[in-house]
Amino acid sequence: MEKGFDNKKYVKIQSQKIRERFKLFDRLYLEIGGKLFDDSHAARVLPGFANDAKISMFQELKKDLEIIFCINAGDIEKNKIRGEYGITYDNELIKLINQSKRMGFTVNSVVVTLYKNQVSVDKFIKKLERNGIKTYIHTFTKGYPTDVDTIVSDEGYGANPYIETTKPLVLVNAPGPGSGKLATCLSQVYHENKRGVNAGYAKFETFPVWNLPLKHPVNLAYEAATADLKDVNMIDPFHLEAYGEKAVNYNRDVEMFPVLRSILNRATGKDIYKSPTDMGVNMIGNCIKNEDIVNEASKKEIVRRYYHELNNYKVGLTDEDTCKKIKLLMNELGIDEKYLDVIEPALKKQEKENVPVISLKISKRKIITGKETDILSPACTVVLNAIKELSKIPDDIKLISPNVLEPMLAMKKSLGSGQEKLHLTEVLTALSICSTTNPMAEKALNNLPKLRNCEAHATYMVENGDKKALKQLKINLTCEPKFASDVELETQ
């Protein structure tokens with residue numbers, strides 16, 4: 001993969017910038033926007049950005065920091081799902097805590113925000129406490145967001161319990177948006193300053209990139225990623241007025257800044273920042289080394305987001321406006337839904353074979369297709385075909401004998417799974433077993449990592465089992481907004 005981003009430089013200058021910021025205070029509460037660990041969106045739009053770049057950067061500051069995690073009580077109650085991983089926010093939170101501890105970070109506590117005495121939330125709090133995780137409860141802040149006098153008083157932030165912290169840098173992270181990170185930071189700043197501690201607030205959010213143009217493909221890709229939240233990138237008017245310099249921010253931060261500035265002024269006794277851009281510590285725009293590569297990657301990501309939201313619309317998870325907004329962004333960049341060159345081959349193959357198909361691009365000039373068979377899903381056939389091609393194994397050689405696969409499918413059916421085909425995880429497991437005695441299977445299996453970051457397109461919405469397996473292989477999958485049953489009806 002060609003790289004357009006200097007990850008080594010980023011880790012170095014970003015950690016320096018954060019160190020400079022927390023040295024301005026006795027204690028800095030740093031709100032972490034986006035993903036602390038696996039930032040796959042950044043890795044897709046900035047080829048060369050390592051998924052773990054953020055956490056690698058914080059490794060350099062480990063001795064100076066501790067982490068507070070936030071979760072919205074309403075998200076626990078509703079079993080809200082983290083779309084990228086397919087797990088609930090509460091399970092994602094536990095995963096984040098365990099990852100942090102394994103890497104040697106100090107996890108201070110969990111704050112359950114907007115608590116309303118929900119029974120399911122009480123059970124979750126008990127679960128955390130039984131696992132030795134200190135937990136705090138925050139309810140709705142009285143007066144928020146307009147009555148600053150009440151917010152910055154013992155009735156407002158003062159009504160929240162104070163979280164004992166000891167390190168100069170406190171990261172405030174969450175499993176997803178709307179988790180109450182900002183309120184937790186500001187509550188702590190209020191409590192700390194009442195205790196005579198010079199505490200401050202800053203925000204570490206990767207996108208939008210403040211020092212790239214408003215309509216830069218990277219920033220438009222962020223708009224596409226947050227289309228369901230109705231976020232809109234805009235020039236920060238406060239920054240322009242204060243410094244005569246254009247900087248990009250987004251509507252929610254710009255709209256809330258006057259209130260946030262007043263709250264910080266009341267809590268600390270001074271104006272720390274002149275603009276929402278000032279609050280950020282993002283250095284990512286300084287580490288792009290090849291604009292063409294980054295621009296192309298961002299355009300592709302916008303198309304992926306378009307298909308993702310078309311799929312969500314099909315199953316009732318989003319509204320039509322979300323899809324239209326991303327389509328408008330594509331129009332601005334002069335691209336359409338067939339911009340990914342892996343799409344057309346899948347559609348043509350389906351038209352020819354009359355069955356669901358997945359296509360997979362394994363090199364600049366080579367696109368492999370796989371179709372549904374009596375035994376295998378398209379995900380199985382396309383991955384097997386791809387690793388055979390990469391291993392230079394002739395088409396007529398079978399990596400796994402039907403004598404192995406057919407009993408597996410028969411057993412699935414006898415167990416009443418309701419599945420009529422073998423899925424990718426099952427087939428790769430069978431392939432790994434065969435590799436112990438079959439050198440061809442071993443050779444093909446060794447080429448599986450080469451599928452990482454490859455583009456794939458399905459003529460149907462791939463189901464959870466295969467979808468998860470393709471994601472684990474780090475394949476970038478897009479799907480036509482059609483159920484597999486719709487495709488089968490169309491082709492009959």
Side-chain angles (χ1 to χ4, degrees), residues 29-42 51-52 54-55 66-103 105 107-141 160 163 170-185 187 203-207 222 225-231 252 305 308-309 311-312 315-318 322 464 467-468 471-472:
Y29 287 88
L30 184 63
E31 180 188 352
I32 308 295
K35 295 169 193 163
L36 181 57
F37 287 90
D38 184 19
D39 195 341
S40 50
H41 173 80
N51 289 46
D52 63 352
K54 287 182 187 174
I55 204 69
E66 57 193 302
I67 307 174
I68 294 172
F69 287 101
C70 299
I71 186 167
N72 187 318
D75 292 340
I76 300 170
E77 186 180 27
K78 292 180 230 169
N79 283 318
K80 189 172 180 181
I81 299 289
R82 179 86 206 195
E84 186 112 2
Y85 307 119
I87 63 174
T88 57
Y89 272 40
D90 52 352
N91 285 332
E92 170 71 0
L93 177 67
I94 291 170
K95 179 182 166 188
L96 288 170
I97 291 169
N98 290 337
Q99 281 180 302
S100 301
K101 287 183 174 180
R102 275 197 301 270
M103 297 186 75
F105 289 98
V107 175
N108 178 294
S109 57
V110 168
V111 180
V112 177
T113 63
L114 294 177
Y115 175 74
K116 296 178 182 177
N117 298 301
Q118 300 99 321
V119 173
S120 57
V121 177
D122 290 336
K123 288 180 180 176
F124 181 66
I125 291 171
K126 284 181 182 176
K127 181 179 179 179
L128 291 174
E129 290 174 344
R130 286 170 184 168
N131 282 278
I133 299 165
K134 196 181 294 183
T135 308
Y136 296 86
I137 290 171
H138 283 189
T139 55
F140 179 77
T141 302
N160 292 329
I163 303 167
V170 182
L171 308 186
V172 181
N173 193 221
S179 296
K181 293 175 293 186
L182 174 60
T184 299
C185 289
S187 175
K203 189 169 188 177
F204 177 37
E205 190 157 52
T206 316
F207 302 107
Y222 168 76
T226 57
D228 58 327
L229 300 174
K230 315 300 182 191
D231 280 352
R252 281 184 290 149
R305 293 288 181 177
H308 177 73
E309 293 303 343
N311 290 180
N312 281 343
V315 298
L317 294 177
T318 194
T322 300
N464 286 337
K467 188 176 180 181
K468 185 176 180 181
K471 189 168 289 193
Q472 287 171 335

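In this text, all values refer to a predicted model and were calculated from it rather than measured experimentally.
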Return the [atom1] to [atom2] distance between [X] and [Y], rounded to the nearest 0.5 Å.
{"X": "L30", "Y": "K181", "atom1": "CG", "atom2": "NZ", "value": "10.5 Å"}
{"X": "I97", "Y": "R102", "atom1": "CD1", "atom2": "CZ", "value": "11.5 Å"}
{"X": "Q118", "Y": "K78", "atom1": "CD", "atom2": "NZ", "value": "10.0 Å"}
{"X": "L128", "Y": "K134", "atom1": "CG", "atom2": "NZ", "value": "13.5 Å"}
{"X": "K35", "Y": "L96", "atom1": "NZ", "atom2": "CG", "value": "11.0 Å"}
{"X": "F124", "Y": "E129", "atom1": "CZ", "atom2": "CD", "value": "11.0 Å"}

Could you list the donor-acceptor pairs under 3.5 angstrom formed between side-chain atoms of residues 107-114 and any protein atom two or more places apart in sequence or on another chain?
from: N108; atom 1: ND2; to: E66; atom 2: OE1; distance (Å): 2.8
from: N108; atom 1: ND2; to: E164; atom 2: O; distance (Å): 2.8
from: T113; atom 1: OG1; to: I71; atom 2: O; distance (Å): 3.4
from: T113; atom 1: OG1; to: S179; atom 2: O; distance (Å): 3.0

Problem - Chi angles and distances behind the side chain to side chain contact (heavy atoms under 4.5 Å, CB included) call for K123, V121 - result: CA-CA 5 Å; K123 288 180 180 176; V121 177; over 6 Å; no
Problem - Polar side chain donor-acceptor pair, Y222 to D231, under 3.5 angstrom - result: yes
If you compare all heavy atoms of [X] against all heavy atoms of [Y], which two are closest, and at what distance to 0.1 Å?
{"X": "N160", "Y": "S187", "result": "ND2-OG, 3.3 Å"}
{"X": "F69", "Y": "S100", "result": "CZ-OG, 3.5 Å"}
{"X": "Y89", "Y": "P177", "result": "OH-CD, 3.6 Å"}
{"X": "D39", "Y": "T206", "result": "OD2-OG1, 3.9 Å"}
{"X": "C70", "Y": "P175", "result": "O-CD, 3.2 Å"}

Handout entry: Exam field: side chain N131 to backbone I133, donor-acceptor pair closer than 3.5 Å
Key = no
Practice task
Indicate yes or no for a side-chain donor-acceptor contact from D90 to the backbone of I76 under 3.5 Å, with no hydrogens or angles considered.
Solution key: no
Do [X] and [Y] have side-chain heavy atoms sitting under 4.5 Å apart?
{"X": "Q99", "Y": "L36", "answer": "no"}
{"X": "K230", "Y": "T322", "answer": "yes"}
{"X": "I32", "Y": "I67", "answer": "no"}
{"X": "R130", "Y": "K127", "answer": "no"}

Exercise for the section: Answer yes or no: does atom NZ of K126 have more than 12 heavy-atom neighbours from other residues, nucleotides or ligands under 6.0 Å? Expected result: no
Problem - Enclosure of K101 NZ (heavy-atom neighbours >12, cutoff 6.0 Å) - result: yes
Exercise for the section: Dump the intermediate steps for side chain to side chain contact (heavy atoms under 4.5 Å, CB included) on I137 and I125, then the final yes or no. Expected result: CA-CA 9 Å; I137 290 171; I125 291 171; 3.8 Å; yes
Exercise for the section: Is it possible for you to check whether K54 lies under 6.0 Å from the centre of the six-membered ring of F204, through NZ or CZ, and within 45° of that ring's axis? Expected result: yes
